[in-house]
2 protein chains.
Amino acid sequence: MTVHHVLELEQFLPYRLSVLSNTVSQAIAREYESRFALSITQWRVLAVLGRYDGIAAREVAQRTAMDKVAVSRAVAQLMKDGRVRRGTAEHDKRQSVLTLTEKGWKIYDEVAPLALEHERRLLAYLDADEQRWLSRILEKLWQAELQELGR
Amino acid sequence: MTVHHVLELEQFLPYRLSVLSNTVSQAIAREYESRFALSITQWRVLAVLGRYDGIAAREVAQRTAMDKVAVSRAVAQLMKDGRVRRGTAEHDKRQSVLTLTEKGWKIYDEVAPLALEHERRLLAYLDADEQRWLSRILEKLWQAELQELGR
DNA sequence: TGCAAATGGTTTCAGATGAAACTATAACGT
DNA sequence: ACGTTATAGTTTCATCTGAAACCATTTGCA
């Protein structure tokens, strides 16, 4: 008789991470989509530009962990919607200089507090200890991944 | 002068979860794809069937947090590859009865230990305390999400 | 200086994915 | 028994996404 390995999917860390993350992201995505016609990728670009206005698409990609194709597309749509403006860098004509328009800032100022509220609501399920540990653990895994990819 | 909200994307929990989860999943996906011609969705189906052989597609969907369309497609491909067999339930002819073939078991027995190894490698970045807290935190958030969706 | 390689960014193509429509069967209420 | 409603599963269509090809510009170096 053959005995097989036993793997309980529900207990499997990558699976749990994935399901949790997707559930959270999708809930947020649906709201942004319906209220602001804004996809998650677009929102990430906005969020980064709200913090670092005037950077190039390349830097947006780095700071959002998105690839350059995704950034290119998100920016194209954001420009079409008049939320982002694209210029060309003086010192390097390949590079773009991305800035938020008035309209872009307006959305940003609406969505940012909403995002923080989502985060608070999620964290509210955890007590103070758990929140601290989670933050620390994510930071560690994050660093580990960065290292991994750096090779 | 207008002061805008400040939202540091890198510190934003849903974002961190998403990036971490995607990085982990993609690393695993690439390996399964190249070594076994197996997508993550297909792997999840295999994993559940390895544990609960003979269940219906509907139950696979529940246990994998995938929607029924995704399950249907994964099963179709797994059948084409001769890894899964589909029968019809006696008591309800709508329901399928999904079982692993010899070939399916063979893959399962290869992939399962590999999956566990991936998990170990990820957890190795954390000390024992952190591992315990992570498990507990994910469990709590998981329950919270379930509740959320149940409404 | 001039040419090969690298970089920033966009486009194209092919496969993945989700929502809604659809088919078949079963359950429910009268 | 019979029509309505619900459920299991598949198919279709439109959108999303990633990989690779591509263009323009810059960098590195002989």
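Here is how names work: the chains are called A, B, and so on, in the same order as the sequence lines, proteins then strands, and each is numbered from 1.
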**Student:** Verify, without hydrogens or angle tests, whether A/Asp81 (side chain) and A/Arg83 (backbone) share a donor-acceptor contact under 3.5 angstrom.
**Tutor:**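 Looks like no, no N/O pair under 3.5 Å.
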**Student:** For C/dA19 and A/Arg30 - does any side-chain N or O of the residue sit under 4.0 Å from the phosphate oxygens OP1/OP2?
**Tutor:**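 Looking at the OP1 and OP2 atoms of C/dA19, one of them is under 4.0 Å from a side-chain N or O of A/Arg30.
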**Student:** Measure from NZ on A/Lys68 to C1' on D/dG18 and round the result to the nearest Å.
**Tutor:**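 Those two atoms, NZ and C1', are 12 Å apart.
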**Student:** Would you kindly give the CD-to-P distance between B/Gln42 and C/dG15, to the nearest whole Å?
**Tutor:**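 Taking atom P of C/dG15 as the reference, CD of B/Gln42 is at 15 Å.
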**Student:** How would you label the contact of B/Ser39 with the nucleic acid (heavy atoms, under 4.0 Å): base, sugar-phosphate, or nothing?
**Tutor:**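 It contacts nothing in the nucleic acid.
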**Student:** Using a heavy-atom cut-off of under 4.0 Å over every strand shown, decide if A/Ala56 touches base, sugar-phosphate, or nothing.
**Tutor:**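 Sugar-phosphate only.
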**Student:** Closest-nucleotide mapping onto DNA chain D: is A/Ala89 or A/Ala70 further toward the 5' terminus? I mean the 5' end.
**Tutor:**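 Result of the comparison: A/Ala70.
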**Student:** Answer yes or no: does a side-chain N or O of B/Ser72 lie under 4.0 Å from OP1 or OP2 of D/dG9?
**Tutor:**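 Checking D/dG9 against B/Ser72, no side-chain N or O comes under 4.0 Å of OP1 or OP2.
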**Student:** Judged by atom type as modelled, is there a donor-acceptor pair below 3.5 Å linking the side chain of A/Thr101 to the main-chain atoms of A/Arg85?
**Tutor:**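 Such a contact is absent between A/Thr101 side chain and A/Arg85 backbone.
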**Student:** So, is A/Arg58 near the phosphate of C/dG8, with a side-chain N or O under 4.0 Å from OP1 or OP2?
**Tutor:**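 For C/dG8, OP1/OP2 do have a side-chain N/O of A/Arg58 under 4.0 Å.
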**Student:** For A/Leu98 and C/dG9, give me the distance from atom CG to atom C1', rounded to whole Å.
**Tutor:**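 Result: 11 Å.
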**Student:** Which comes earlier along DNA chain D counting from the 5' end, the contact point of B/Val97 or that of A/Arg73, where each point is its nearest nucleotide?
**Tutor:**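 First, find each residue's nearest nucleotide; the 5'-ward one identifies B/Val97.
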**Student:** Restricting to non-hydrogen atoms, name the atom on A/Tyr52 and the atom on B/Glu8 that form the minimum distance, rounded to 0.1 Å.
**Tutor:**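 That would be OH-OE2, 3.1 Å.
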**Student:** Does a side chain donor of either A/Gln77 or A/Arg73 reach within less than 3.5 Å of an acceptor in the other side chain?
**Tutor:**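 Absent: no donor and acceptor within the cut-off.
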**Student:** A/Glu59 CD to C/dG9 C1': how many Å, rounded?
**Tutor:**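 Taking CD of A/Glu59 and C1' of C/dG9, I get 15 Å after rounding.
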**Student:** Quickly work out the B/Gln95 CD to C/dA24 C1' distance and round it to whole Å.
**Tutor:**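 Rounded to the whole Å, the gap is 13 Å.
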**Student:** Tell me: CE of B/Met66 to C1' of C/dA16, nearest whole Å?
**Tutor:**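 It works out to 12 Å between those atoms.
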**Student:** Counting only distance, no hydrogens or angles, is the base of D/dT26 paired donor-acceptor with the side chain of A/Arg94 under 3.5 Å?
**Tutor:**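 Such a pair does not exist between side chain and base.
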**Student:** By nearest heavy atom, map A/Asp92 and B/Glu33 onto DNA chain C; which one lands nearer the 5' end?
**Tutor:**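 On the 5' side of the pair lies A/Asp92.
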**Student:** Measure from NE2 on A/His91 to P on D/dT25 and round the result to the nearest Å.
**Tutor:**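 Distance check: A/His91 NE2 to D/dT25 P gives 15 Å.
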**Student:** Distance under 6.0 Å and angle within 45° of the ring axis: does B/Arg44 meet both against A/Tyr15?
**Tutor:**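 Because its charged atom misses either the 6.0 Å distance or the 45° angle limit, B/Arg44 does not stack over A/Tyr15.
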**Student:** Between A/Leu78 (CG) and C/dT10 (P), how many Å, whole number?
**Tutor:**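 Computing the A/Leu78:CG to C/dT10:P distance gives 12 Å.
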**Student:** Counting the atoms with a prime plus P, OP1 and OP2 as sugar-phosphate, which does A/Lys93 contact under 4.0 Å by heavy atoms, base, sugar-phosphate, or nothing?
**Tutor:**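 Here A/Lys93 touches the backbone only, sparing every base.
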